[in-house]
2 protein chains.
Amino acid sequence: MSHPGPDLEHPAGHATIRHVAELAGVSVKSVSRVVNGEAGVRPELAERVTAAIEQLGYRRNLAASTLRRRGQRTGSIGVVIQDVANPFAATLLRAVEEVAQRRGVVVLASSIDGDAEREARAVAELVRRRVDGMILMPTSAQHGSLAEEQRLGMHVVFVDRPPVGLDADYVGADNAGGARTAVRALLDRGHRRIAYLGDTRTISTAVERLAGYRQAFVDAGVETDEELIVHDLNVSRHARAAAAELLSRRDRPTALFTAQNLITIAALHVLRGLELRQRVAHIGFDDVELGDLLTPGVSVVRQDPTAIGRTAAELLFGRLDGDDGPVRRVIRPVELVERGSGELAPLAFEG
Amino acid sequence: MSHPGPDLEHPAGHATIRHVAELAGVSVKSVSRVVNGEAGVRPELAERVTAAIEQLGYRRNLAASTLRRRGQRTGSIGVVIQDVANPFAATLLRAVEEVAQRRGVVVLASSIDGDAEREARAVAELVRRRVDGMILMPTSAQHGSLAEEQRLGMHVVFVDRPPVGLDADYVGADNAGGARTAVRALLDRGHRRIAYLGDTRTISTAVERLAGYRQAFVDAGVETDEELIVHDLNVSRHARAAAAELLSRRDRPTALFTAQNLITIAALHVLRGLELRQRVAHIGFDDVELGDLLTPGVSVVRQDPTAIGRTAAELLFGRLDGDDGPVRRVIRPVELVERGSGELAPLAFEG
DNA sequence: GTTGTCGGTGACAACGTTGTCAGCAGTGTG
DNA sequence: CACACTGCTGACAACGTTGTCACCGACAAC
């Protein structure tokens, strides 16, 4: 045990390339060559190395490997999302994963729950780990701090919410257009008191969806009633409370536009509780599972999180592959899915 | 540009500790001390270092750091799940993330979609990256290959499905008990033709849930009808087809027990399509979003993926902190949630 | 005066890997 | 005969970081 070099009898932790070299009776470099599939190793020697690797259960240490291969990729990307437990984010993440796995790239995902500080910590952590690129569903209002990372070669693609104060690729949905379409459909059926229930106003999607809502009113030459617009429903509980309050007014709205999936679900619970699902029209933004089986079906503006995630991932990998074209903004179309709840007519008189 | 050492004017990629040292006019070791918050650095010097770090946008390279700190943790864990897009897995993952984030540990998640080969690749990748531990929702039937990793100090906790051919911690739910309770409830209401629609039989949860189904029949002294047991419904399409076939038989079942959330959803669609939701009783395993708002409400056996994820993560971190007690098997209780669909009586005569 | 201790600092080696380059013996080219 | 080239192999340095240890001046104890 007093001789120099690694203890070759029984490596304490993981076997290293040196253990393998010693056991196979070759130089470490030759082992490296075999492991990396480099040409120029005699088959007989390669076989000895392979056997040694097998016997020791050797696994190349990726940290050491990428350290040496200067400037080399770590084969990892970071994805910062609001909450994996939200089906929208989860589906998007899954699509990213799919593209990444095909390339042998692993995904580091962090949920940040609308907390700008958690976002900053998550991004810093990803930089420390030298991910090759990042896909960001940001919370924060300003992303200028990422400019430095970008300059140093970090590739960033924003999803769902565009970058602010930064030139970066973006893949999102036609939020304003979708909201406008939904609200126009309600107006067309004669609704005038259409409530808007939306997320925090610092979130661009919320802002855009509200803009679409307002635009529909402008298009129709109808005035909006500011009393019917509620913001900051970033917790289910708040969304429920807001819906309950709106629906218990004497001049309650005849239709609801809920601008996000969790708000839609909260509103559905309240409508059901008040036995108003057949009487108050309702369109949500984002599809909800089983929404088609309710009575009436839940009409929604559907976006395609899989397509958004896939597109973002492909964009990111394109950048990693050297695409240095101008910054791209991809806006995916959305679709109004009519299932019943959005097609209810306004009730003339209410008890 | 011909002088040796790094080009200090304008570091090409990320600034290294050497750039910082040079700019601050100190040794690299002192920078290291400051970065790591080690004691014994004059405040004035520390300040110079901090300023240099700031100016250069230096971020410690975690790969190099953990390489040097021999045997040191990488501050990352791997989570191998079936599919992040499945709410059960997503919720579980979120709970793991939560515990990990509190400790500054990042999570590498991989969806493997019931593919044993993808599972093996994911695990190998995690080992290459020297994650500190892994949480596994396995697909494969044998996990003996992990024994070698375990011996080398890798900590593994299984969730949802127990390890086979390996001693490892496990956190799961009372699958057999939950299924038994559900089917007993159906039998108690007089159902006899109760169909079982389940996932692939290589999956232990599917096996356990089927066992619970059978046990309930044994308990009641009723014979099971093997014609009503369908397996391998690992794709929504298959589940729909199976449900449609069962329900179109002349002697169709009076009740369904769907042993997994996606199968439950598929069955709901078929039942609805055939207008049988009010006539055929139905209990699912796993809760489904909005299941309470359908008419009738969807009765389910609810497990708590958040608790499972949290428990598994805490167990894993406990091991990382040195807990070397005996292997633990945590079985979380499940709960039958009666919402209507499971309480329908069998119809005496059918058209 | 010698010795020891102190806080502070840096030179150096090492972590596990791979890039570079030199060297081997054998063969062909000028 | 010198030289270049071949396929194969290994010695060595380097990646960015941190652990080890020696050393600094100052000051106290003997």
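FYI, side chains are in, hydrogens and waters are out, and symmetry mates aren't considered; it's all heavy atoms of this structure. Residue numbering restarts at 1 for every chain, and letters A, B, ... go by the order of the sequence lines.
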A.B. asks: How many whole angstroms separate atom CZ of Arg129(A) from atom P of dT17(D)?
C.D. replies: 15 Å
A.B. asks: Using a cut-off of less than 4.0 Å, is there contact between a side-chain N or O of Ser32(B) and OP1 or OP2 of dT18(D)?
C.D. replies: yes
A.B. asks: Checking all strands, does Val35(A) fall into the base, sugar-phosphate, or nothing category for heavy-atom contacts under 4.0 angstrom?
C.D. replies: nothing
A.B. asks: Answer yes or no: is there an ion pair linking Arg328(A) with Asp323(A), defined by an N-O contact shorter than 4.0 Å?
C.D. replies: yes
A.B. asks: Arg18(B) has an atom CZ; how far is it from atom P of dT18(D), in whole Å?
C.D. replies: 14 Å
A.B. asks: Within a reach of under 6.0 Å around CD of Glu38(B), are more than 12 heavy atoms found that belong to other residues, nucleotides or ligands?
C.D. replies: yes
A.B. asks: Report yes if at least one side-chain N or O of Asn61(A) is closer than 4.0 Å to OP1 or OP2 of dC15(C); otherwise report no.
C.D. replies: no
A.B. asks: Would you mind classifying the nucleic acid contact of Val26(B) as base, sugar-phosphate or nothing, using non-hydrogen atoms under 4.0 angstrom?
C.D. replies: sugar-phosphate
A.B. asks: Quick check: on DNA chain C, is the nucleotide nearest Gly40(B) upstream (toward 5') of the one nearest Ala64(A), or the reverse? Name the residue that is more 5'.
C.D. replies: Gly40(B)
A.B. asks: dT18(D) phosphate, OP1 or OP2: any side-chain N/O from Arg69(B) under 4.0 angstrom?
C.D. replies: yes
A.B. asks: Tell me the interatomic distance from Ile17(B), atom CD1, to dG10(C), atom P, rounded to whole angstroms.
C.D. replies: 12 Å
A.B. asks: Which part of the nucleic acid, if any, lies within contact of Arg60(A), taking any heavy atom under 4.0 Å across all strands shown: a base, the sugar-phosphate backbone alone, or nothing?
C.D. replies: sugar-phosphate
A.B. asks: Reading DNA chain C 5' to 3', what string of ( ), [ ], | and . shows its pairs, if Watson-Crick and G-U wobble pairs count only when both distances fall under 3.5 Å?
C.D. replies: ||||||||||||||||||||||||||||||
A.B. asks: So what does Leu62(A) hit on the nucleic acid, given a heavy-atom distance under 4.0 Å: a base, only sugar-phosphate, or nothing?
C.D. replies: nothing
A.B. asks: Verify the contact: side-chain N or O of Ser27(B) to OP1 or OP2 of dT9(C), cut-off strictly under 4.0 Å; return yes or no.
C.D. replies: no
A.B. asks: Ignoring hydrogens and angles, does a donor from either the side chain of Arg59(B) or the base of dG16(D) sit under 3.5 Å from an acceptor on the other?
C.D. replies: no
A.B. asks: Please determine whether a side-chain nitrogen of the Lys or Arg among Arg121(B) and Asp115(B) lies less than 4.0 Å from a carboxylate oxygen of the Asp or Glu.
C.D. replies: no
A.B. asks: Could you tell me how far apart Glu44(A) (CD) and dG7(D) (P) are, to the nearest whole angstrom?
C.D. replies: 19 Å
A.B. asks: Would you say the side chain of Gln150(A) lies within less than 4.5 Å of the side chain of His143(A), judging by non-hydrogen atoms?
C.D. replies: no
A.B. asks: Please report the C-alpha distance between Glu97(B) and Ser110(A) in whole Å, then the side-chain angles of each, then the deciding distance to 0.1 Å, and finally whether the side chain to side chain donor-acceptor pair (under 3.5 Å) criterion is met.
C.D. replies: CA-CA 7 Å; Glu97(B) 240 188 37; Ser110(A) 292; 5.6 Å; no
A.B. asks: Between Glu98(B) and Arg94(B), is there a side-chain N and carboxylate O pair less than 4.0 Å apart?
C.D. replies: yes
A.B. asks: Let's test your reading of the model: under 3.5 Å, does the base of dG16(C) pair with the side chain of Arg130(B) as donor and acceptor?
C.D. replies: no
A.B. asks: Rounded to the Å, how far apart are Asn36(B) CG and dG16(D) P?
C.D. replies: 17 Å
A.B. asks: For dT17(D), does OP1 or OP2 lie under 4.0 Å from any side-chain N or O of Ser65(B)?
C.D. replies: no
A.B. asks: Taking NZ from Lys29(B) and P from dG10(C), how many angstroms apart are they, rounded to a whole number?
C.D. replies: 12 Å
A.B. asks: Using whole Å, what does the distance between atom P of nucleotide dA13(D) and atom CZ of Arg68(A) come to?
C.D. replies: 12 Å
A.B. asks: Send over the distance from Arg128(B) CZ to dG16(C) P, rounded to a whole Å.
C.D. replies: 18 Å
A.B. asks: In terms of heavy-atom contacts, does CD of Glu148(B) have more than 12 from other residues, nucleotides or ligands at under 6.0 Å?
C.D. replies: yes
A.B. asks: Within a reach of under 6.0 Å around CD of Glu44(B), are more than 12 heavy atoms found that belong to other residues, nucleotides or ligands?
C.D. replies: yes
A.B. asks: Which residue lies toward the 5' end of DNA chain C, Ala63(A) or Gly25(B), if each is placed at its nearest nucleotide?
C.D. replies: Gly25(B)
A.B. asks: I want to check one thing: is the phosphate of dT9(D), taken as OP1 and OP2, less than 4.0 Å away from some side-chain N or O of Arg42(A)?
C.D. replies: yes
